[in-house]
Amino acid sequence: MRFSVRLDGVLHRMATINPLLVSLDIKSSDRVVSIKENGNVDSNFVITHLIKQILGDGNRMCFVILHNTLGHYQNVGKRLGYDFLKQIEEGRIRTIEPLKDIVEDIGNETNYFVDDKEQVVKGLFKSIKSTMEELVEAGSSRVYLVIDDISHLLDLGIDLKYIISFINYCLSLINDERISVVINTHVCSKSDEIICNNLNYVSDVVIEVMPLKTGVSREVTGLLNIEKSGKEQVTQFHFKAYDKGIKTFHLGESVYNLYK
Amino acid sequence: MEKPSRGSFNIPGTVINGQNAQLLTSTGISSVDSILGGGLPVGTVTIIEEDIYGSHAKIMLDYFLAEGIVNDHSTLVASLDMNPYNIIKNLPAVIHNDPEESTISSDSIQDDKMRIAFRYQNLPTSDKDSHNIGHYFDLSKTMSLADIENSDICYWNGQRIENGTSMFANPAYNELLKAVKEKIKEGKFFLKDNPSKRNVLRVGIHSLGSPMWLPSRDSYHLMNESRDLDMFIFCLRALVRSAFAVAVITIPTHLYHENSLDRCIHSSDIAMRLQTFSGTELENNFSLSDYHGFFHLTKLAAINSFASKHPGSIEYVFKLRRKKFHIEKLHLPPDLQEVGSSNSTPPSIACGSSNKHLLEF
């Protein structure tokens with residue numbers, strides 16, 4: 001008993017040691033987290049770090065993969081200190097991979113390739129819902145729904161209204177006290193922006209990842225805006241992506257970072 | 001792609017990047033390979049936004065395909081603008097050493113012994129060759145027909161189009177996806193397949209989204225800028241990700257609205273853009289006279305890693321020689337004479353006078 005308490009403490013400390021997670025400061029009371037990716041900057045690291053936190057806290061998650069592959073998460077996960085595939089085996093992560101199913105559907109006009117796009121969204125939500133229910137029943141920990149890049153639904157030819165209602169359905173899941181939702185969106189067109197704004201409106205935390213306005217810099221990869229509902233102030237960070245991890249610093253602090 | 005963890009696959013023309021667990025293959029242009037951090041990761045989709053005349057983008061595609069044929073990779077070529085067989089027939093011939101490197105190095109080899117840093121005497125002066133997987137090609141000659149006939153090439157010219165699904169406004173996109181999938185299945189390129197000998201499929205698509213790809217008049221969909229294109233790229237990426245395949249697509253983006261391709265770029269892994277000087281006012285720019293155009297690297301996705309290998313705010317230019325298509329960093333020449341003198345002296349008809357060096361008199 002005593003050992004497990006100590007282990008929990010260690011795990012917790014491990015999660016908090018990560019500088020990005022400290023900067024993000026997402027608490028379990030933040031039920032809806034949306035990540036907005038602008039331009040050509042990559043916000044995937046936010047999700048992979050949040051996964052670290054979710055697993056570190058001993059929670060479970062349902063992961064909907066639309067942008068990157070399992071192999072990517074496995075490789076990045078190893079750098080952050082978790083074994084993605086092993087977690088899947090142990091049932092702490094369940095994945096739904098439209099990216100894989102699409103391959104099957106090409107030439108068959110089934111599932112994702114049917115003409116009635118409402119069916120596509122409904123089908124996807126049904127599988128999410130059943131997975132979430134199974135995860136909730138499996139234990140007493142919190143359960144997260146993580147969707148990597150919901151804007152790809154647009155690329156499947158799904159109308160905006162169906163995507164919005166899909167988001168609404170997903171958010172209805174948080175009626176269960178133990179469920180939280182993390183959704184990543186990419187913004188580059190008008191329709192993307194509508195999806196994103198709708199999502200931001202209902203989010204507890206909005207994490208916005210932006211490229212630098214002035215172009216590209218060697219010391220700073222991009223800008224990180226964290227907006228929490230109820231607080232008017234937006235927290236801003238600069239971040240630098242390294243091969244092995246992310247460093248964050250307050251605006252203007254990156255210069256000191258060079259001398260470290 | 002993604003996880004070449006089970007030892008090495010030993011596919012000719014590929015190399016494993018241990019750091020990110022990626023299988024890399026060459027674009028056929030060594031300077032592009034080095035900008036991309038070694039080559040194209042297998043399982044990715046690359047978009048090349050064409051220059052106005054489309055000729056330089058076509059050359060990059062030619063290199064990509066020729067490199068595949070030299071390495072005995074399987075190939076799928078698709079185009080609606082020209083006969084894909086002609087693309088293959090006119091691929092450049094391979095030459096076995098770098099045409100420019102050799103002349104330079106033969107000049108610069110110094111016989112004198114190093115007296116101070118003698119330990120470094122026998123070290124190679126450049127480390128380029130050690131991890132170079134690509135070949136060099138002579139654009140003035142075409143590849144021998146025997147080589148072409150011996151390789152596994154699939155041509156797609158969109159002749160056989162059935163009106164199946166209405167997901168795409170133009171069924172040709174759907175047909176091409178089917179053809180790629182068919183080829184992957186037939187050649188056992190899927191990650192889950194277990195063929196006796198692993199190989200890589202190269203998919204080259206020329207001028208995707210050109211006016212030849214416009215939807216037929218009786219389609220239900222409105223002309224929604226690049227809706228078909230977005231869907232196609234997304235589905236193609238899903239397909240290529242699940243297989244030992246790598247795709248290069250050229251798109252005439254100047255025919256579209258300025259930002260309508262952003263979603264395509266988001267769905268792709270690598271995006272680059274060519275911008276020629278010819279026909280624009282840059283053509284007469286003195287400091288750019290050595291080059292043929294700008295090369296912009298719009299996107300380089302971070303796969304299996306946090307940080308993209310994107311080199312940052314470096315400006316690249318390309319030049320086309322008979323035996324080499326080369327990309328290098330743009331360095332503006334020192335501002336010595338030309339700008340000042342050309343402004344002060346009235347333009348004279350006599351040639352050569354304005355080019356006179358300051359030190360010449």
Side-chain angles (χ1 to χ4, degrees), chain A residues 37 39-42 44-45 48-49 66-76 78-80 85 97-109 112-115 117 149 151-152 154-157 186-192 212 214-218 221 240-246, chain B residues 1-3 5 19-22 43 164-168 174-175 177-182 184 190-191 220-221 225 227-228 230-239 241-243 259-267 271 298-314:
Chain A
E37 180 184 70
N40 283 328
V41 69
D42 191 3
N44 189 251
F45 67 88
T48 47
H49 277 77
L66 277 155
H67 191 72
N68 287 300
T69 53
L70 272 186
H72 171 82
Y73 288 106
Q74 171 67 3
N75 275 294
V76 176
K78 274 189 182 159
R79 285 166 205 216
L80 286 175
L85 295 177
E97 293 176 78
L99 209 58
K100 243 182 202 165
D101 304 333
I102 289 165
V103 176
E104 298 297 320
D105 294 338
I106 291 171
N108 296 332
E109 274 106 59
Y112 289 97
F113 275 55
V114 289
D115 293 339
K117 294 299 174 193
D149 211 341
S151 66
H152 274 307
L154 273 178
D155 293 330
L156 284 168
H186 179 89
V187 177
C188 55
S189 69
K190 264 276 166 303
S191 331
D192 298 351
L212 294 176
T214 44
V216 199
S217 155
R218 206 157 41 115
T221 313
K240 164 87 183 144
Y242 294 95
D243 235 12
K244 302 244 177 249
I246 305 284
Chain B
M1 63 150 261
E2 301 285 311
K3 270 208 73 217
S5 54
Q19 199 183 3
N20 288 340
Q22 282 173 336
T165 171
S166 58
M167 179 157 163
F168 290 97
N174 196 34
E175 283 305 312
L177 275 181
K178 271 201 235 171
V180 175
K181 188 185 172 189
E182 205 51 42
I184 290 178
F190 275 120
L191 293 180
Y220 305 114
H221 297 290
E225 284 159 15
R227 185 179 168 279
D228 269 9
D230 297 348
M231 267 198 280
F232 178 83
I233 305 273
F234 179 64
C235 296
L236 182 72
R237 192 176 81 126
L239 197 56
R241 272 281 201 276
S242 65
N259 292 324
S260 58
L261 229 70
D262 285 357
R263 281 224 63 87
C264 283
I265 292 174
H266 177 52
S267 295
T298 327
K299 178 182 176 183
L300 189 55
I303 301 171
N304 292 358
S305 157
F306 290 114
S308 152
K309 289 176 203 142
H310 197 288
S313 58
I314 301 171

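Side chains are part of it too, since the values below use all heavy atoms of this structure and drop only hydrogens, waters and symmetry mates.
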- Is the distance between the ring centroids of A/His72 and A/His67 less than 6.0 Å? no
- Which of A/Asp243, A/Leu154, A/Asp192 touches chain B most, by non-hydrogen pairs under 4.5 Å: A/Asp243
- Message: Under a 4.5 Å cutoff for heavy-atom pairs, which residue among A/Leu80, A/Asp101, A/Asn68 has the most contacts with chain B?
- Response: A/Leu80
- Do B/His266 and B/Phe234 have ring centres separated by under 6.0 Å? no
- Message: For A/Ile102, which atoms come within 4.5 Å of any heavy atom of chain B: side chain, backbone, both, or neither?
- Response: side chain
- Item | Closest approach of B/Asn304 to B/Ala21 (non-hydrogen atoms, all atoms of both residues) | ND2-O, 3.4 Å
- Query: Non-hydrogen atoms of chain A under 4.5 Å away: do they reach the side chain of B/Thr298, the backbone, both or neither?
  - Reply: both
- Check whether A/Ser151 gets within reach of chain B through its side chain, its backbone, both or neither, counting any heavy atom under 4.5 Å. both
- Task: With a 4.5 angstrom heavy-atom cut-off, could you sort out which part of A/Lys244 is near chain B: side chain, backbone, both or neither?
- Result: backbone
- Using the side-chain hydrogen bond (donor to acceptor under 3.5 Å, both in side chains) rule, take A/Asn44 and A/Tyr73 through it: C-alpha gap first, then chi angles, then the decisive distance, then the call. CA-CA 10 Å; A/Asn44 189 251; A/Tyr73 288 106; 3.1 Å; yes
- Query: Judged by atom type as modelled, is there a donor-acceptor pair below 3.5 Å linking the side chain of B/Gln22 to the main-chain atoms of B/Ile303?
  - Reply: yes
- Indicate yes or no for a side-chain donor-acceptor contact from A/Thr48 to the backbone of A/Phe45 under 3.5 Å, with no hydrogens or angles considered. yes
- Note on the structure: In terms of heavy-atom pairs under 4.5 Å with chain A, the winner among B/Arg263, B/Arg237, B/Lys181 is B/Arg263
- Proximity breakdown for A/Glu37 and chain B, heavy-atom pairs closer than 4.5 Å: side chain
- Query: Angle class for the B/Phe168/B/Phe232 ring planes (parallel below 30°, perpendicular above 60°, tilted otherwise)?
  - Reply: perpendicular
- Query: B/Ile265 versus chain A, heavy atoms under 4.5 Å apart: side chain, backbone, both or neither?
  - Reply: side chain
